[in-house]
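Data first, discussion second: the structure below is written as structure tokens.
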Amino acid sequence: MHTLYRSEEIAQMDARALEQGATLESLTSAVGRQMARCVCQAHPHGRVWIFCGPGLNGTDGVALAAELAATHQVRLFCLGKGQERAERQFHLRRLKETRVEVYTIENFAHWGQGLTGSTPNLVVDALFGTGSNRAPEGMFAAAIETINTLGKEADVWAVDLPSGVFPDAGGVHQAVVQAHHTVTFMGYKPAHLLFPAAEKAGRVQVVYPFESDYRAQIPRGWFTQSDVRPITRARASHKGTYGRVVAVVGSRTMVGAGEMCVKSALRAGCGTLVLASPCTVSPFYRNKLTCAMTQDMPDTDGQYDRGGAPILASLLAHANAAVLGPGMGQGAGIAELLQAALAASVPLVLDADALNTLARLERTDWLRHAAGPVVLTPHPMELARLMRVEVSDLLGDPFSYSERFARETGCIVVLKNASTIVAAPDRSAVITTGGPGMAKGGSGDVLAGCITGLLAQGYASFYAACLGVYVCGRAGEKAQQRLGMTAMLPTDTIAALPEVFRSLEQKQGDALFE
């Protein structure tokens with residue numbers, strides 16, 4: 001996976017480089033050289049305006065100015081106090097014998113210097129980078145407004161991150177740079193991949209100004225096509241080879257959720273599937289899902305009633321994976337079904353009403369004692385309920401919250417959003433496939449089924465979760481391309497799954513018999 005670093009980890013990486021003999025002058029010089037190389041490939045010459053903040057990101061911008069001095073017409077704006085920093089002065093001294101125009105603007109009273117005359121071809125944002133979560137104010141907000149206005153005609157590049165985004169989350173401030181291109185260092189940052197911040201970064205290019213042996217305590221990565229292993233199936237195989245799924249889904253008012261979950265699990269390749277539902281609901285599934293077996297469960301008015309735990313335990317004794325939650329409602333028997341599923345040593349996916357039941361009963365401790373691996377697939381509101389936190393806090397740092405809950409419970413947490421985070425107790429990943437056409441009820445049911453179908457075939461829980469998110473996102477993209485983002489349905493995502501899985505299948509060679 002492409003490596004992903006939080007802002008404090010970048011600071012730790014820099015500190016380690018300094019401990020090993022580097023200097024801030026050498027590190028910022030290396031960043032300036034790499035940034036200049038990228039700039040020159042796209043803009044071999046021209047007028048460049050660079051806006052620098054008072055921190056290290058701004059010093060990187062000054063170093064960039066020194067590198068471009070011989071080839072470009074450079075105008076440098078140094079905003080705020082901090083220009084006396086030794087590494088900043090080192091690069092400013094490099095500019096003294098060049099044509100670079102330097103404007104030092106310590107406060108808002110001096111704002112506006114140098115903003116007249118010929119407009120630039122390229123504008124560089126080096127205001128904050130990973131160094132600030134604070135809302136830009138005063139002359140910094142004015143600088144961002146100026147950058148965005150210039151960006152209507154000029155190319156806007158950001159150094160590491162567009163200013164005004166939350167470095168470790170997907171949020172943005174009111175004043176935020178809209179970059180066309182971002183050059184980042186040593187690895188991706190969460191804000192490059194989480195929305196809406198990702199929309200502000202434009203095209204992101206990762207460069208490596210220096211070598212580092214730093215390793216983050218929790219490895220994080222961006223799961224992409226290159227991380228997908230080719231899918232193979234032996235000719236000498238049968239339905240048992242690919243596992244049995246038990247799906248406890250649906251209720252009188254939400255039969256569609258169960259149908260979508262089951263169809264997705266079957267499309268994901270499981271060998272057989274048993275659908276357990278309230279007995280008055282089962283006839284619907286028997287008539288609609290010809291590829292699934294059904295099991296009647298105790299029923300009161302189309303909802304799960306008590307007494308179903310022994311039936312489920314018997315089913316799970318012969319299963320390779322199970323899913324509970326899609327469309328289950330809030331019947332009186334759901335809690336005991338959850339306990340029976342968690343007591344079985346079978347990989348388990350919990351979604352929707354299974355998660356809501358855990359939150360309502362405040363029994364997330366059940367997860368810690370699960371006999372088998374558990375994958376949770378909450379959206380932000382569901383995870384906030386489980387963790388008893390505010391949704392706004394969770395969205396302010398989604399990696400931290402999902403990783404914390406994964407450590408506390410021992411589960412895989414799939415936090416569904418425009419970009420989805422998959423967190424295990426010891427690592428995490430973000431998957432960016434998908435599109436706005438998937439923002440409809442039922443998409444989560446499709447995902448839960450897909451992950452379960454993969455688990456039944458023996459894929460490890462973390463990989464199955466990442467692959468399921470990736471594949472469903474790709475299928476959603478294909479459905480959106482065909483049908484548009486407004487009219488497509490979750491069932492269209494299911495219909496596109498075969499095309500996606502076929503593209504991942506390893507070619508089997510010529511036929512053995514003709």
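All values reported here derive from a predicted model rather than from experimental measurement.
- Arg404 contributes atom CZ, which lies 9.0 Å from atom CG of Leu383 (distance to the nearest 0.5 angstrom).
- For the pair Lys189 and Asp168, the salt-bridge criterion is not met [side-chain N within less than 4.0 Å of a carboxylate O].
- Between the side chains of Glu259 and Tyr285, no donor-acceptor pair of N or O atoms lies under 3.5 Å.
- Within the 3.5 Å criterion, the main-chain N or O of Val389 finds no donor-acceptor partner in the side chain of Asp393.
- Between His2 and Trp222, the ring planes are tilted. Angles from 30° to 60° get that label.
- Heavy-atom minimum distance, Leu355 versus Thr377: CD1-C, 3.8 Å.
- Side-chain contact between Tyr188 and Val206 is present, with heavy atoms from C-beta onward closer than 4.5 Å.
- To the nearest 0.5 Å, atom OG1 of residue Thr357 and atom CD1 of residue Ile334 are 4.5 Å apart.
- Contact check on Glu9 versus Arg220 returns a salt bridge, with a Lys/Arg side-chain nitrogen under 4.0 Å from an Asp/Glu carboxylate oxygen.
- Distance alone, capped at 3.5 Å, is enough to place a donor-acceptor pair between the Thr182 side chain and the Ala201 backbone.
- Atom SG of Cys466 is separated from atom CG of Leu454 by 11.0 Å, given to the nearest 0.5 angstrom.
- Using a 4.5 Å cut-off on side-chain heavy atoms (C-beta onward), Thr493 and Lys440 make no contact.
- When only modelled atom types and interatomic distance are considered, Arg360 and Gln330 share a side-chain donor-acceptor pair under 3.5 Å.
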Q. Does the pair Ile218 and Asp426 meet the rule for a side-chain contact (heavy atoms from CB on, under 4.5 Å), with working shown?
A. CA-CA 6 Å; Ile218 299 176; Asp426 60 344; over 6 Å; no

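- A 4.5 Å side-chain heavy-atom check between Val207 and Cys38 finds at least one atom pair inside the cut-off.
- Phe405 places a side-chain heavy atom less than 4.5 Å from the side chain of Thr364.
- When atom types are taken as modelled, the side chain of Asp227 and the backbone of Arg229 share no donor-acceptor pair closer than 3.5 angstrom.
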Q: Under the salt bridge (Lys or Arg N to Asp or Glu O under 4.0 Å) rule, what do Arg252 and Asp299 come out as? Steps first, then yes or no, please.
A: CA-CA 10 Å; Arg252 181 176 59 84; Asp299 179 318; over 6 Å; no

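- Between the side chains of Ser237 and Tyr242, a donor-acceptor pair is found at a separation under 3.5 Å.
- In terms of modelled atom types and a separation under 3.5 Å, the side chain of Asp160 and the main chain of Gly129 share no donor-acceptor contact.
- The shortest non-hydrogen separation linking Leu361 to Ala335 is CD1-CB, 3.7 Å.
- Here the side chains of Leu489 and Met260 are not in contact, with every heavy-atom distance at 4.5 Å or above.
- Between the Gln506 side chain and the Ile231 main chain, no donor and acceptor come within less than 3.5 Å of each other.
- Contact check on Lys416 versus Asp351 returns a salt bridge, with a Lys/Arg side-chain nitrogen under 4.0 Å from an Asp/Glu carboxylate oxygen.
- Here the side chain of Ser277 pairs no donor or acceptor atom with the backbone of Gly250 at under 3.5 angstrom.
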Q | Check against side-chain contact (heavy atoms from CB on, under 4.5 Å), Leu376 and Leu367 | A | CA-CA 10 Å; Leu376 312 176; Leu367 299 171; 3.9 Å; yes

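- The minimum heavy-atom distance linking Gly302 with Pro278 is given by the pair O-CG, 3.6 Å.
- In this structure, Thr433 contributes its side chain and Tyr470 its backbone to a donor-acceptor pair below 3.5 Å.
- Ring-plane geometry between Tyr463 and Tyr459 is classed as tilted, the angle between the planes lying from 30 to 60 degrees on a 0 to 90 degree scale.
- Using a distance-only test at 3.5 Å, with no hydrogens or angles considered, a donor-acceptor pair links the side chain of Asp353 to the main chain of Met328.
- Other residues, nucleotides and ligands contribute only 12 or fewer heavy atoms inside 6.0 Å of the CZ atom of Arg306.
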(Q) If you apply the rule salt bridge (Lys or Arg N to Asp or Glu O under 4.0 Å), what do you find for Arg427 with Glu403, and how did you get there? (A) CA-CA 8 Å; Arg427 53 187 162 156; Glu403 288 168 354; over 6 Å; no

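- Rounded to the nearest 0.5 angstrom, Gln34 CD and Met186 CE are separated by 10.0 Å.
- In this structure, OG1 in Thr432 is found 13.5 Å from NE2 in His192, a value given to the nearest 0.5 Å.
- Here the closest heavy-atom approach between residue Ala341 and residue Leu324 is recorded as CB-CD1, 3.8 Å.
- The closest side-chain heavy-atom distance from Val274 to Arg244 is below 4.5 Å.
- Counting only heavy atoms from C-beta outward, the side chains of Tyr304 and Val248 approach each other to under 4.5 Å.
- Considering all non-hydrogen atoms of both residues, Leu273 and Ala247 come closest at CD2-CB, 4.4 Å.
- Atom OG1 of Thr290 sits about 9.0 Å away from atom CG of Leu266, to the nearest 0.5 Å.
- Ionic pairing of Arg6 and Asp397 is present here: one or more N-O contacts between side-chain nitrogen and carboxylate oxygen are shorter than 4.0 angstrom.
- Using a 4.0 Å cut-off between a side-chain N of Lys or Arg and a carboxylate O of Asp or Glu, Arg368 and Glu408 do not qualify as a salt bridge.
- Counting only distance, with no hydrogens or angles, the side chain of Glu382 and the backbone of Asn356 share no donor-acceptor pair below 3.5 Å.
- Counting heavy atoms from C-beta outward, Leu415 and Leu394 have side chains that approach closer than 4.5 Å.
- For Ser282 and Thr294, the side-chain atoms include no donor-acceptor pair closer than 3.5 Å.
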Q | Derivation of the side-chain contact (heavy atoms from CB on, under 4.5 Å) call for Val374 and Ile412 | A | CA-CA 6 Å; Val374 180; Ile412 307 295; over 6 Å; no

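- For residues 467-483, the salt bridge (charged side-chain N to carboxylate O under 4.0 Å, His left out) pairs, not counting sequence neighbours, are Arg474-Glu477, Lys478-Glu499, Arg482-Glu499.
- With hydrogens and angles disregarded, no donor-acceptor distance shorter than 3.5 Å links the side chain of Gln303 to the backbone of Ser251.
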Q) So Thr184 and Leu161, side-chain contact (heavy atoms from CB on, under 4.5 Å) or not? Walk me through it. A) CA-CA 7 Å; Thr184 193; Leu161 281 172; 5.7 Å; no

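- The two residues Ala352 and Gly325 make their nearest non-hydrogen contact at CB-O, 3.7 Å.
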